[in-house]
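Each chain gets a letter, A, B and so on, in the order the sequences are listed, and its residues count up from 1. In this text the structure is predicted, and so the values were computed from the model without any measurement.
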Amino acid sequence: MIEVKLFAALRERAGRDSVTVSPPPSVTSVFQLLDWLAGQDAQLAAALAATPRLMIAVNEMLASEDASLAEGDVVALFPPVTGG
Amino acid sequence: MIEVKLFAALRERAGRDSVTVSPPPSVTSVFQLLDWLAGQDAQLAAALAATPRLMIAVNEMLASEDASLAEGDVVALFPPVTGG
Amino acid sequence: MKTHIAVVASPLTPAAPWQWLHDAGLSGAQVQFCGQVRDEQGRVEALHLEHYPGMTEQVLRAILEQAELKWPLNGAWVVHRVGTMAVGEDIVQVAVSATHRHDAFQACAFIMDLLKTRAPFWKKELIGGRWHWVDARESDVEAAAAWLQAASAHEP
Amino acid sequence: MKTHIAVVASPLTPAAPWQWLHDAGLSGAQVQFCGQVRDEQGRVEALHLEHYPGMTEQVLRAILEQAELKWPLNGAWVVHRVGTMAVGEDIVQVAVSATHRHDAFQACAFIMDLLKTRAPFWKKELIGGRWHWVDARESDVEAAAAWLQAASAHEP
């Protein structure tokens, strides 16, 4: 099981704060998870497509699309940050 | 008449806060004034000699030894500043 | 180095970083940055900030650790506000204390530049009665990248 | 740009620059420097500051004018204490407000670097029950010179 959290404009576009998914064992990276999620869920696919320069965190640490995933990981997806 | 103000270590070495002098007309620059003062006043000469990197102000503006002087000018002499 | 990191939903206290960093003779320099809600010529009516609780604090902690590796600091303070705030209110306080002022200036600017591009906060502005998400600035990305390039330029 | 310059003989108020610079939505950034009396590992017992009244204020005014030519600023505050002060007490506050933070950081550092080498203040330290004049630092002279070199490098 992997929890996917969404923030800011991406959260609003996707219409939810988070989804918990159980992707097939072939999904071992963030890139593969994004690809798989887009195939599963048209609204999420559209929300991701509308979010250029997506930022990613795995277990609360900034990560790239290449980051590998393991059971129980928490993946966060969000637009570029604008704090400060 | 020219007022010469002294500050900080130079003031303490010279044993006074200021002197008012009437140098001869040949004294037209700060450099000439310093030279003339040193000849007039042994304690001031020693105080100036003990103050490397002397800073100069004429009428409350930083100036160099080349600055020209006129009747009524206020010349300030002091060691490098150390505020802040 | 002592550190204080907090994300709060209430107004910030201007003198708090100064008081907390005060160390009675160890530090000779405090530099404090305070970011405030701009009205953009009266266009912006209010600001709302969302963040990722947990990750925010971790990222801020990592930024302060990086700053400590780069400059000799005695203390560092980061407090960021979230929720809805009015024009002119304080959004963030970053403050550092050090023996010498150049270290304090550099570290404070570095922390802000990294916070802007790494800490998971997102702003939206109320304009004409509607909320609009704020776009990230390319200049912020470049400012953060410049610190990292400057660091790697020192390596062989 | 609004400016506030003062030389005072009483303790400084930490939140005063913040309050005075506050402009309800015009500025997005305030950067404040505060210099404090260091004890130098317990060696220094007190600090005394002497200045040249009249010239001090003129020099500070000229420094703020130079800063305003270099960066778009909304406000600048310089308050310097003189007389005798205890370890840990504030010696000087320099604070600026601007629309953007990099301008505020640069201007605040610039004002401090020029103040250190041009404003007629002199420190003496009480060490072992005796007062000693503080020597000027070569690094301060170099920091001020670097701003002027950077400026002239832009000229043809």
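In this structure, the portion of C:V141 lying under 4.5 Å from any heavy atom of chain A is its side chain and not its backbone. In this structure, no portion of C:D140 lies under 4.5 Å from any heavy atom of chain A. For chain A, no part of C:R81 is nearby; none of its heavy atoms comes within less than 4.5 Å.
Although no hydrogens or angles enter the test, the distance criterion places no donor-acceptor pair under 3.5 Å between the side chain of C:D113 and the main chain of C:F110. Between the C:D90 side chain and the C:V92 main chain, no donor and acceptor come within less than 3.5 Å of each other. With hydrogens and angles disregarded, a donor-acceptor distance shorter than 3.5 Å links the side chain of C:K2 to the backbone of C:W20.
If you tally non-hydrogen atom pairs under 4.5 Å between each of C:R118, C:M112, C:R137 and chain A, the highest count goes to C:R118. Note on A:R53, A:M61, A:M55: by heavy-atom pairs under 4.5 Å with chain C, the leading option is A:R53.
Under the 3.5 Å distance criterion, with hydrogens and angles disregarded, no donor-acceptor pair is assigned to the side chains of C:W18 and C:Q32. Counted by atom type alone, A:E12 and C:W133 present one or more donor-acceptor pairs between their side chains at under 3.5 Å.
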